[in-house]
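Only this structure's heavy atoms are used, side chains among them; waters, hydrogens and symmetry mates stay out. What you see is a predicted model; the values in this text were computed from it and never measured.
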Amino acid sequence: MAELRSSNPAFTRSGFGQSRSPVPPAGPWPQGGPAPWPGGPPPTPVHDRLTFDDVVMHTLGVFAVMLVGAGFGWYLSPDSPGIALGAGVAALALSFVISLRSRISPPLVVVFAVLEGLLVGGVSRFYESAFSGIVLQALLGTALVFIAMLVAYRSRRLRATPRMARIVTGALLGVVLLGVTDLVIRAVSGSHLPVINDASPLGILFSIAVLAVASLQFILDFDYIERAVASGAPREEAWRAAFGLLIGFVWVYLELLRLLSKLRQ
């Protein structure tokens, strides 16, 4: 099976979309029989191959876990305002662990979904308290972005390219670094980075640009999942697909919250 390489930071390891060569059985081989698996290891059995249904079901399951975590984050955030920050830092660290592993770990993906839920719930409660109705608007906006990207991909209007991959990956890392820098500045001086938080024209343009790039991550996800299914990737890789899509949804949702809050100020 041809090796697949992903542009999505969540899929950078060799596990997703690639089958691992099993160890051949120890000899002796049957008398006069050929060595096992001439020409290479056998392909993944059909019933163990990744399908689109597997990706959908695992993604729904991971999102259900995230929503449960979001409910707890929403409920606990008024009395424990640091829970969202702590969950966000833990989720960031865990995302690197998951991405760097050659084999996907379903328990780690579930824990990551819980942490993402606590982050999303706490942040959503903060924005909803400041701007009534903004959470519903951001949820609807995220759904529309996903549908628009899916239609654009299926119609071949947008295709994954190496340049797009570099832009999306660089933007994701840049947003993470800016967020960490902003937290450090707040902790040290009580100030903040204006371009991230201020409702100035530059701040609004920055949020629009980040949102546009975040939306393109769905194109990379769709392309990679389609190629992984076509190449007969193992079924367990549906967990990695769900992990990558969850990152995309949360990124777009949080950027929409930030943008809508700026437009309301």
Side-chain angles (χ1 to χ4, degrees), residues 1-21 40-66 95 98-106 108-110 112-113 116 142-173 211-253 255:
M1 180 174 57
E3 180 178 351
L4 293 178
R5 298 189 180 275
S6 173
S7 305
N8 189 327
F11 303 148
T12 53
R13 298 298 289 175
S14 61
F16 183 31
Q18 302 174 36
S19 62
R20 287 171 293 279
S21 300
T44 303
V46 174
H47 63 276
D48 289 333
R49 294 180 185 176
L50 181 68
T51 67
F52 289 113
D53 287 343
D54 293 329
V55 174
V56 171
M57 295 307 297
H58 283 71
T59 301
L60 291 177
V62 169
F63 270 70
V65 173
M66 189 269 289
S95 68
I98 296 173
S99 298
L100 293 175
R101 287 173 61 94
S102 59
R103 292 197 63 173
I104 190 66
S105 173
L108 290 183
V109 175
V110 173
F112 176 80
E116 286 283 87
T142 303
L144 290 175
V145 167
F146 177 79
I147 293 173
M149 292 298 101
L150 181 59
V151 171
Y153 178 77
R154 295 298 295 173
S155 64
R156 306 306 192 200
R157 295 182 182 276
L158 284 177
R159 305 301 299 165
T161 64
R163 182 180 181 183
M164 179 189 294
R166 291 192 296 269
I167 292 174
V168 173
T169 303
L172 177 58
L173 294 177
L211 178 60
V213 175
S215 302
L216 293 178
Q217 178 169 316
F218 288 130
I219 300 298
L220 301 181
D221 294 343
F222 297 151
D223 176 76
Y224 195 73
I225 291 171
E226 182 178 50
R227 291 189 292 118
V229 171
S231 67
R235 177 176 292 177
E236 65 181 7
E237 294 301 333
W239 286 101
R240 200 183 302 269
F243 167 68
L245 288 172
L246 180 62
I247 291 177
F249 270 94
V250 172
W251 187 13
V252 170
Y253 172 73
E255 290 302 329

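Under the 4.5 Å side-chain criterion, counting only non-hydrogen atoms from C-beta, E226 is in contact with R154. Looking at heavy atoms from C-beta onward, L246 lies out of side-chain contact with T59 at the 4.5 angstrom threshold. The closest side-chain heavy-atom distance from L158 to F222 is not below 4.5 Å.
Annotation: the span from S215 atom OG to E255 atom CD amounts to 9.5 Å, rounded to 0.5 Å. For the atom pair E237 CD and Y224 OH, the distance stands at 8.0 Å (nearest 0.5 Å). The structure places CD1 of I247 at 5.5 Å from OG of S99, a figure rounded to the nearest 0.5 Å. Once rounded to the nearest 0.5 Å, the distance linking NE2 of H58 with CG of D54 reads 6.5 Å. Note: D221 CG to F243 CZ = 11.0 Å, rounded to the nearest 0.5 Å. With values rounded to the nearest 0.5 angstrom, F218 atom CZ is found 10.0 Å from L150 atom CG.
When the shell of 6.0 Å around CZ of R159 is examined, it contains more than 12 heavy atoms from other residues, nucleotides or ligands.
Annotation: F146 is not in aromatic contact with Y253 [ring centroid separation under 6.0 Å not met].
Residues L50 and V55 share a closest heavy-atom pair of CD1-CG2, 3.9 Å. Across all non-hydrogen atoms, the minimal contact from F249 to T142 is CD2-CG2, 3.7 Å. Heavy-atom minimum distance, L216 versus M164: O-SD, 4.1 Å. Across L108 and I98, no two heavy atoms sit closer than the pair O-CD1, 3.6 Å.
At distances below 3.5 Å, not a single donor-acceptor pair connects side-chain atoms of D223 with backbone N or O atoms of L220.
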Open item on the list: V62 vs L245, test: side-chain contact (heavy atoms from CB on, under 4.5 Å). Steps then yes/no.
Closed with: CA-CA 10 Å; V62 169; L245 288 172; over 6 Å; no
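Both cation-pi conditions hold for R156 and Y153: the charged atom is under 6.0 angstrom from the six-membered ring centre and inside a 45 degree cone around its axis.
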